[in-house]
Amino acid sequence: MLLKFVEREMANVEEIDIVIVGGGICGLATALALHRKGIKSVVLERSDTLRATGAAIGVFPNGWRALHQLGLDSILQSTAIPFQRAVDVLADKGVVRETLLSEGGEARCLRRSDLVDALANALPSETIRFGCQLVSVNIEGSSSYAALQLHDGSLIKAKVLIGCDGANSVIASYIGLKPTRPFSTCAVRGLTTYPNGHGFAPEFLRMRKDKHLVGRIPIDEKTVYWFVVLQWIQKDAEMPKDSTSIRQMTLDMTAGFPNDIVDMIENSDLSSLSLTRLRYRAPWNLLSGNFRRETVTVAGDAWHVMGPFLGQGGSAALEDAVVLARCLAKKLSNADLNGHLSTRLAKEALDEYLNERRRRVVLLSTLTYLRGLLLVEDPSLLLRFLCIIIITVLFRDPLNHIRYDCGEL
Ligand SMILES: Cc1cc2nc3c(=O)[nH]c(=O)nc-3n(C[C@H](O)[C@H](O)[C@H](O)COP(=O)(O)OP(=O)(O)OC[C@H]3O[C@@H](n4cnc5c(N)ncnc54)[C@H](O)[C@@H]3O)c2cc1C
């Protein structure tokens, strides 16, 4: 009886070489980068379909370089117009600052649905498994395989496990990363379509007024992506859930903004709206610490969720994908004759990925954090002064972070 039970349980356990948890930008890009190197992987996504929550994403030259490595740059370029500059307006102080972006390369704002569809469509059909929620992870002592428990009770054993499961990552907790922290703000994101054209300049506008920040980027001649960062004064449980209430709350809080901003929010596409409490992984927690446990690691927001103040989280996730796949492919070329990756080689590959990415991730997270403090957290005069000093000393060139090149796949 017991033997039969054990046999049945063992038959239900599936063994897979590389498992990626999370079918967002990072998980799909990692699977695609591996696929381009001829390496199979399986993506487990808890939702039943691809998610495009967040409406759109600004992609800067560093992100385009990663998309080029994934072979998706030309398809995606046809979906959005380039924007040449960022314009920061401090409406309360009457200050306007312009940064020319074109010098650093190309910037465009992509609909998230275009990006995730392009990533998913380039993958073999059996790669993504929907409706698969990871509940817990354990390492099997004897084999060093990661044992993944899914919500439906099934078990998967993975030789390499990559956590791309976002800001509330189960895998980051398993590895032992310090918890992420909330900013004192939340963000509403949405799309607005103007049937006769919006007429806005092709620029990334950021306007701050009364402690609220509004961002707007044209996607094409008729559609704009916008986000509003609002002071978060409620408890998480009281966050409005339905789109009509989210829009009303946003309108109430941005009532003093210029008419074109208020109209944009009022006429937004309700189905595109989402409200997110902003979180970050403290840059000082990224400086040191272990981001691998046996053959389990993290990428994208699961590793370095950073807030939207530089618009770099998604591009950083694409860079992670390229570097991680490159490191795994390099080690696989040293694998045994059957192409099997030993646990030792897998660990070496993950360490090379983490070493190569750490400095980049720390710098991006630090700059985002400092910009966030200055833009929306209203720090004391002393803290403001310190932030400005650190930015001036460490990040003198404002375009340096978008010049980054993650290298060839
Ligand atoms: C307001 C705002 C504006 C932003 N603007 C920009 C921008 O302009 N440019 C930019 O580059 N970045 C921007 N970002 C950041 C960007 O959205 C993220 O960095 C990026 O989406 C991270 O992708 P990801 O795949 O790592 O995580 P996610 O997109 O969170 O994907 C995680 C996936 O994992 C799945 N998942 C989670 N848990 C489990 C589980 N247990 N089992 C199975 N599946 C699971 C989820 O369903 C989801 O599909 C912005 C973020 C915010 C909040």
Side-chain angles (χ1 to χ4, degrees), residues 19-31 42-60 62-64 66-67 83 86 107-110 112 115-116 119-120 128-137 148-152 156 161-174 180 183 185-190 204 206 213-217 219 225-230 274-281 298-321 361 364-365 368 372 376 401-402:
V19 173
I20 296 164
V21 177
I25 294 172
C26 190
L28 297 176
T30 305
V42 166
V43 177
L44 306 178
E45 166 56 46
R46 69 178 168 195
S47 306
D48 293 326
T49 51
L50 287 176
R51 291 172 67 250
T53 312
I57 184 172
V59 180
F60 293 89
N62 55 305
W64 284 104
L67 286 171
F83 57 94
R108 294 176 197 247
C109 183
L110 297 177
R112 281 192 189 243
L115 178 56
V116 291
L119 290 164
I128 313 171
R129 297 186 188 175
F130 291 106
C132 291
Q133 181 171 356
L134 175 74
V135 178
S136 66
V137 188
L148 284 74
Q149 182 74 58
L150 304 190
H151 77 303
D152 63 359
I156 293 178
L161 174 60
I162 304 165
C164 300
D165 47 344
N168 301 312
S169 168
V170 172
I171 297 180
S173 314
Y174 166 73
T180 58
F183 281 105
T185 45
C186 62
V188 180
R189 289 174 279 178
F204 181 7
R206 276 177 298 210
L213 176 74
V214 175
R216 181 186 70 203
I217 322 180
I219 295 178
Y225 160 62
W226 56 265
F227 63 85
V228 181
V229 179
L230 304 163
S274 63
L275 169 63
T276 320
R277 179 85 199 254
L278 296 180
R279 306 193 71 81
Y280 66 101
R281 178 125 16 235
V298 274
D301 274 12
W303 182 13
H304 45 67
V305 58
M306 59 177 81
F309 310 109
L310 269 191
Q312 278 293 331
S315 292
L318 294 169
E319 292 170 9
D320 284 350
V361 159
L364 273 183
S365 299
T368 303
V376 293
H401 63 278
I402 64 172

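Quick note: residue numbers are just sequence positions, from 1. For ligands, and for the atoms within them, numbers begin at 1 and follow the listed sequence. What you see below is based on every heavy atom in this structure, not just the backbone, and it leaves out hydrogens, waters and symmetry mates.
- When only non-hydrogen protein atoms are considered, atom 11 (O) of ligand 1 lies nearest to Gly314 N, 2.8 Å.
- Contact annotation for Val170 and ligand 1: only side-chain heavy atoms (C-beta onward) come within less than 4.0 Å of the ligand.
- Among protein heavy atoms, atom 37 (C) of ligand 1 sits closest to Asp165 O, 3.3 Å.
- In terms of protein heavy atoms, atom 31 (O) of ligand 1 is closest to Gly24 CA, 3.6 Å.
- In terms of heavy atoms, Cys109 sits closest to Ile217 at CB-CG2, 3.8 Å.
- The Gly166 neighbourhood of ligand 1 comprises atoms 27 (O), 30 (O), 32 (C), with distances under 4.0 Å to a heavy atom of that residue.
- Taking a 4.0 Å cut-off on heavy atoms, Ser315 registers as neighbouring ligand 1.
- Which of Arg46, Met306, Gln312, Gln133 comes nearest to atom 45 (C) of ligand 1 through a heavy atom is settled by distance: it is Arg46.
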Worksheet entry | Criterion side-chain contact (heavy atoms from CB on, under 4.5 Å) on Val135 and Leu150, from CA distance to verdict | CA-CA 5 Å; Val135 178; Leu150 304 190; 5.6 Å; no
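- Near Arg51, the atoms of ligand 1 lying under 4.0 angstrom from a non-hydrogen atom of the residue are 46 (C), 47 (O), 48 (C), 49 (O).
- Of the candidates Arg112, Glu45, Arg189, it is Arg189 that places a heavy atom closest to atom 52 (C) of ligand 1.
- Between Asp165 and Arg46, every side-chain heavy-atom pair lies at or beyond the 4.5 Å cut-off.
- Close approach of ligand 1 to Leu44 is summarised as follows: ligand atoms under 4.0 Å from at least one heavy atom of the residue are 43 (C), 44 (N).
- Looking only at protein heavy atoms, the nearest one to atom 9 (N) of ligand 1 is Gly58 O, 2.9 Å.
- Residues Asp320 and Gly300 share a closest heavy-atom pair of OD2-N, 2.8 Å.
- Checked against side-chain contact (heavy atoms from CB on, under 4.5 Å), Ala31 has the following partners two or more places apart in sequence or in another chain: Ile20, Ser41, Val43, Leu123, Thr127.
- Here the heavy atom of the protein found nearest to atom 40 (C) of ligand 1 is Leu134 N, 3.8 Å.
- Under 4.0 angstrom from ligand 1, the non-hydrogen atoms of Val21 all belong to its side chain.
- Here the closest non-hydrogen pair linking Ile402 and Phe60 is CG2-CB, 3.7 Å.
- No part of Ser169 comes within 4.0 Å of ligand 1, judged by heavy-atom distances.
- Within the structure, ligand 1 has Cys132 among the residues with a heavy atom less than 4.0 angstrom away.
- Residue contacts with ligand 1, taken as heavy atom pairs separated by less than 4.0 Å, do not involve Phe204 at all.
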Fill in: Test log, rule side-chain contact (heavy atoms from CB on, under 4.5 Å), inputs Leu213 and Arg206
CA-CA 7 Å; Leu213 176 74; Arg206 276 177 298 210; 4.3 Å; yes
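- The heavy atom nearest to atom 32 (C) of ligand 1, out of those in Gly300, Gly22, Cys164, is found in Cys164.
- The closest protein non-hydrogen atom to atom 25 (O) of ligand 1 is Cys26 N, 2.9 Å.
- Each of the atoms 21 (O), 25 (O) of ligand 1 lies under 4.0 Å from some heavy atom of Ile25.
- Using 4.0 Å as the threshold, Tyr225 has a heavy atom nearer than that to some atom of ligand 1.
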Item to complete: Could you please spell out the steps behind the ring-ring contact (aromatic ring centres under 6.0 Å, His included) verdict for Phe183 and Phe309?
Response: CA-CA 11 Å; Phe183 281 105; Phe309 310 109; 5.2 Å; yes
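- Counting only heavy atoms of the protein, atom 26 (O) of ligand 1 lies nearest to Asp301 N, 2.9 Å.
- In terms of heavy atoms, Ala302 sits closest to Ala172 at O-CB, 3.6 Å.
- Only the side chain of Ala187 comes within 4.0 Å of ligand 1, judged by heavy-atom distances.
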Item to complete: Please lay out, stage by stage, how Leu67 and Leu110 fare under the test side-chain contact (heavy atoms from CB on, under 4.5 Å).
Response: CA-CA 12 Å; Leu67 286 171; Leu110 297 177; 4.3 Å; yes
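- Residues Leu44 and Leu134 form no side-chain contact, since every pair of their non-hydrogen atoms from C-beta on lies 4.5 Å or further apart.
- Remark: minimum distance from atom 3 (C) of ligand 1 to any protein heavy atom is reached at Pro308 CB, 3.3 Å.
- Ligand 1 places these atoms under 4.0 Å from at least one heavy atom of Gly311: 7 (C), 8 (O), 9 (N), 10 (C), 11 (O).
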Practice prompt. With side-chain contact (heavy atoms from CB on, under 4.5 Å) as the test, would you mind laying out the steps for Ile128 and Leu28 before giving the verdict?
Written response: CA-CA 8 Å; Ile128 313 171; Leu28 297 176; 3.6 Å; yes
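- In this structure, Val21 and Leu148 have side chains that are in contact, with non-hydrogen atoms separated by less than 4.5 Å.
- For Phe204, there are no ring-ring contact (aromatic ring centres under 6.0 Å, His included) partners, not counting sequence neighbours.
- Only the side chain of Leu278 comes within 4.0 Å of ligand 1, judged by heavy-atom distances.
- Residues Arg281 and Ser365 bring no donor and acceptor atom of their side chains to less than 3.5 Å of each other.
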